[in-house]
Amino acid sequence: MSDFELLDPSGLPIGGSFGAAGAANAADPLLEGLNPSQERAVVSRGPALLIVAGAGSGKTRVLTHRIAHLIRGREAWPSQILAITFTNKAAAEMRERIGDLLGGAAEGMWVSTFHSACVRILRRESERFGYVSGFTIYDSADSRALLKRIIKDTDAASYGFTPANASSKISKLKNELLDASAFRTTMNDADPRDRLFAEIFTMYDQELRRANAFDFDDLIGQTVQLFRAHPDVAAVYQRRFRHILVDEYQDTNHAQYSLIRELTRPTDPEQTMRLTPPARAAELDDNGVIPAASLTVVGDSDQSIYAFRGADIRNIVEFERDFVGAEVVKLEQNYRSTQNILSAANAVIGNNFDRQEKNLWTASGDGEKIVGFTGYSQHDEARFVAEEIEDLHRQGLAYGDVAVFYRTNSQTRALEELLIRSAIPYRVLGGTKFYERAEVKDAMAYLTSIANPYDPITWSRLLGAPKRGIGPMAEAHLAIFQEAHDLSFHEAMARAAEVPQLGPKLRGSVLALADMLARATQMAVGGGTTDVEGDEAQPAPVGDVLKLILDETEMIEKLRAKRDPQDDARAENLEELLAVAREFDVKHPGAGLIAFLTEVSLVAAVDDLDDTSGTVSLMTMHTAKGLEFKAVFITGVEEGLLPHQMSVDETGGINEERRLMYVGITRARERLYLTLASTRATFGDISAAMPSRFLQEIPEGLVHWRQSPGEVTSRGGTQSRALNAPRGTGGGYAQRPSRDSSVAFGGPSQGSSAALQEPSNGNMQSALEKWRERKRLAKEAQASGGGFPNTIALGARDNSSLALAAGDRIKHDQYGPGRVTAITGEGTKRVAHVVFDSVGERKLLVKLAPIEKITE
DNA sequence: CGCAGCAGGGTTTTT
DNA sequence: CCCTGCTGCG
């Protein structure tokens, strides 16, 4: 809230003064080193600006310089800037960089995510619409917990509703700014499922309100509603934010778009007169209102990968139509990747027909070829990744410069296993996040409940953790009492003696818990009403409050007392949580509990990416957006995975997957690896995997296959990988001066005349030949309506009829001889467990494995 | 009420 | 395979 005070009423600059920015002199440090497009994007002034920023084109630089330029030129106070980024980490970086550019004069800027900005507004204005400032933010697990209760109460499960599908449906609607009553007007009244869903939706929102809680989508949607329902509030923010900048605009959804629209309206004439402090003449335009804020958006429709979350690509495609007078600046020079990487990216994305043409180029030379590798299994693939990372490391590349990407979080398992075995330091971003772990949520529930003692989900959680004999029955009696007397849950517990259904033992537990919560609450708010007069107490540090809770509940001790080693890890997580809280106290002294809870609720996966950690980073390609690494491994480049099976039926699904692939490729600066496996275990059983169609879209000359799909699925060669060890001088990272322009901007692979440059043995040639043959067959099969080539037909090997039993000796093309220890599964999914003389145990899909029976 | 043991079901991506 | 939820027993 201090930001408002920083808005100096006496020195307010004139909004929308279009100074002679174009005449900036060349020595301007803010423009130095920028290319003409970048410079234009920095100095352009007008109502709206769209910066079409291809991958790696320096958009962050442009954004930060643009903001610094505005501030330094006294066109805006820092407090008049609202910059929206995709993650908190990006926000922190941007703030820091602007601070550096300006020498620290960036106080008062709002640089944050949509969600953080909205929470800030909602906390400040919550009383307006019946919420309390300490409202809880429900994460998706909380939402589902609430929905679970509702679905149970309405018996909706028999109509096929689950917490997960109801939650996603509600989320979709909220992203479109539709509430339950809006749904009612559009639904099919004759459909009982629709009517029931409307009921669930209504109850869900009612319960949220009663709990003084918002879900993720509400944060945006309710802020929009707030502005629409309260023009006086809207006017305050419209007046304040004179320059609004939005990064990753291609991934905004309708609610976010609407928020931007509300913020970039001229103030309502009626409200303009009521502003405090009153608007000065310089702020007003000829119509007597404060003119619309200037809007800058940055994005790349080729990197739109969040349609599933409601992102609407039209927001960026139709920007010029939407915001009249908009200028468009295209940034097409890439400063990140080598030409080979860029050519691959361009070739892939070129297959999306419905895009605006863009022509990314670089001046940095071809660089190394892309390396391809096909493993026999995901295990084999992971082993390649681990070995290759070790090679790169030996060549002098830091672990922190390496990232491994995958489509689904479940793919981490095999990768982690091999990285651990190879003693490669790594960290996994995203996945089951720290704050989603049960024990962390348990501890957090106490803090959340202190901030919002009306929240039933949180309260219910803390009752049961740790176990203290208070079960569902006791909970229900207390909840009924709470509701009947219109109390908070904490007050209800303090009066447990008035609940006759509770026995003496239970009553004791409840009262003890209530007492502990009361003391913790007292600490958190800073003394409260019973405080000694004149001695104003400060709110205790969050860490102290958490310490009290952990001590009194003995959560850590109880975990330590168990024998399960998993519980040791859980205890450590709680200690970690305490450390996080202490760190927060140091970083934000006196900020208080609610600030801590807000921060925790809104952390994103990359927010805890520590660039200095010196570890390999594992993450999904979604999480990778906006990041870059010297060496990138994209794993699991298979049909069914990338593109994901779930997306192939969805309209536009494949195109979105292709954009995802594009995002992945363009993260790489110097080295790119594309890996896949010919078999993949999903759920326990193993099935055959086909190379992704995206691989076929990359011109062949760009990729050096260490082991091609053909070699693995047909009886190809087993060339020693040692023979193909990275060439070149020992330095490893020297870029080759040669440029092979024939592959630059190559379209889809067919017709590419680029000859294989690798010293290939005939083996490799024929393997590639075979793969090409299979590609053609696959294409034909697809064209003839045969569906997608994700079965193992098409001339691959077929061992289905190979009779194998435990005890048999076999020979594998790569692993050599080994002994079968067991056969599991049936038919095409028959799996041989084999102990090889060379590499130990492997599981092989009999149908596909390059094996034959041998006799000793 | 709490725990252990079992059956069944689920596969995308996330602020 | 893994996590969840349910059941049945102490």
Side-chain angles (χ1 to χ4, degrees), chain A residues 84-91 112-119 137-141 143-145 148 152 157 162-165 167-168 171 174-175 214-221 248 251-253 255-256 304-311 378 405-411 413-414 429-433 435-436 438 463-475 503 505-506 509 562 564 598 600-607 619-625 636 640-650 653 656-657 659-661 663-664 680-687 843:
Chain A
I84 301 287
T85 59
F86 202 65
T87 64
N88 293 302
K89 178 168 187 275
S112 70
T113 62
F114 270 109
H115 290 84
S116 300
C118 286
V119 170
I137 301 165
Y138 274 11
D139 66 15
S140 26
S143 295
R144 266 181 275 127
K148 193 173 156 189
K152 200 167 181 182
T162 63
N165 66 30
S167 162
S168 104
S171 175
K174 285 190 173 181
N175 283 331
F214 291 110
D215 66 20
F216 268 131
D217 304 309
D218 282 338
L219 297 178
I220 316 288
E248 307 284 9
D251 280 322
T252 50
N253 60 34
Q256 292 165 332
S304 165
I305 54 174
Y306 281 104
F308 71 92
R309 196 168 90 182
Q378 54 205 341
F405 300 160
Y406 36 82
R407 178 65 231 271
T408 68
N409 283 304
S410 61
Q411 287 169 254
R413 226 171 289 281
L429 301 184
T432 20
K433 285 177 228 109
Y435 294 106
E436 284 169 12
L463 278 185
K467 306 270 183 236
R468 49 166 75 82
I470 306 175
M473 286 307 286
E475 179 186 328
K505 210 170 142 196
L506 223 43
S509 310
K562 295 199 189 173
D564 192 340
T598 303
V600 166
S601 306
L602 299 178
V603 288
V606 289
D607 289 340
M619 68 191 87
T620 66
M621 282 190 275
H622 284 90
T623 301
K625 190 171 77 159
L641 206 48
L642 183 63
H644 196 277
Q645 195 59 47
M646 287 286 129
S647 69
V648 296
D649 312 318
E650 290 166 17
E656 175 138 327
E657 297 287 304
R659 290 193 293 269
L660 193 56
M661 179 78 181
V663 166
R680 190 161 291 271
T682 44
F683 271 140
D685 53 26
I686 301 177
S687 55
K843 282 193 260 186

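The model shown is predicted, which means the values in this text are computed figures rather than measured ones. Below, read A as the first sequence line, B as the second, and so on, with proteins coming before strands; counting in each chain starts at 1.
- Side-chain N/O atoms of A:Thr623 include none lying less than 4.0 angstrom from OP1 or OP2 on B:dT13.
- Nearest to the side-chain atoms of A:Thr113 among the listed nucleotides B:dT15, B:dT13, C:dC2 stands B:dT15.
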So which protein N/O to nucleotides 4-8 of chain B N/O distances come out below 3.5 Å?
none

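- Closest approach of A:Met621 and A:Val663 over heavy atoms only: O-CG1, 4.1 Å.
- A:Arg144 pairs by the side-chain hydrogen bond (donor to acceptor under 3.5 Å, both in side chains) definition with nothing, not counting sequence neighbours.
- Distances shown here put a side-chain N or O of A:Asn409 below 4.0 Å from the OP1 or OP2 atom of B:dT13.
- The separation of B:dT12 from C:dG5, taken at their C1' atoms, amounts to 24 Å, rounded to a whole angstrom.
- By the 5.5 Å and 30° criteria, A:Phe308 is stacked with the base of B:dT13.
- Residues satisfying the side-chain hydrogen bond (donor to acceptor under 3.5 Å, both in side chains) test with A:Thr408, not counting sequence neighbours, are A:Ser410, A:Gln411.
- If you check B:dT15, B:dG2, B:dC1 against the side chain of A:Lys467, the one that comes closest is B:dG2.
- For the OP1/OP2 pair of B:dT14 and a distance below 4.0 Å, the side-chain nitrogens and oxygens of A:Thr620 include at least one atom meeting the criterion.
- Ring-to-base geometry does not place A:Phe86 in a stacked arrangement with B:dT15 (centre distance under 5.5 Å, plane angle under 30° required).
- When each of A:Ala474 and A:Tyr306 is assigned the nucleotide of DNA chain B bearing its nearest heavy atom, the one mapping closer to the 5' terminus is A:Ala474.
- Expressed to the nearest 0.5 Å, how far OG1 of A:Thr598 lies from NE2 of A:His115 amounts to 13.0 Å.
- Considering only heavy atoms from C-beta on, A:Tyr406 comes within 4.5 Å of A:Thr620 through its side chain.
- Of all nucleotides listed (B:dC1, B:dT15, B:dT12), B:dT12 comes nearest to the side chain of A:Met646.
- Comparing A:Ile305 and A:Ile470, the nucleotide of DNA chain B nearest to each residue sits closer to the 5' end for A:Ile470.
- Residues passing the ring-ring contact (aromatic ring centres under 6.0 Å, His included) test with A:Phe308 are A:Tyr306, A:His622, sequence neighbours excluded.
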Pick out the pairs of N or O atoms, protein on one side and nucleotides 4-7 of chain C on the other, that lie under 3.5 Å.
from  : atom 1 : to       : atom 2 : distance (Å)
C:dG5 : OP1    : A:Lys148 : NZ     : 3.0

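- Within 3.5 Å, no donor on the side chain of A:His644 pairs with an acceptor on the base of B:dT12, nor the reverse.
- Remark: A:Thr85 engages no residue in a side-chain hydrogen bond (donor to acceptor under 3.5 Å, both in side chains) (not counting sequence neighbours).
- Between A:Ser143 and A:Tyr138, the closest heavy-atom pair is OG-CB, 4.0 Å.
- Which of B:dT15, B:dT12, B:dC1 sits closest to the side chain of A:Phe216 comes down to B:dT15.
- For the residue pair A:Ile137 and A:Val119, the shortest heavy atom distance occurs at CD1-CG2, 3.9 Å.
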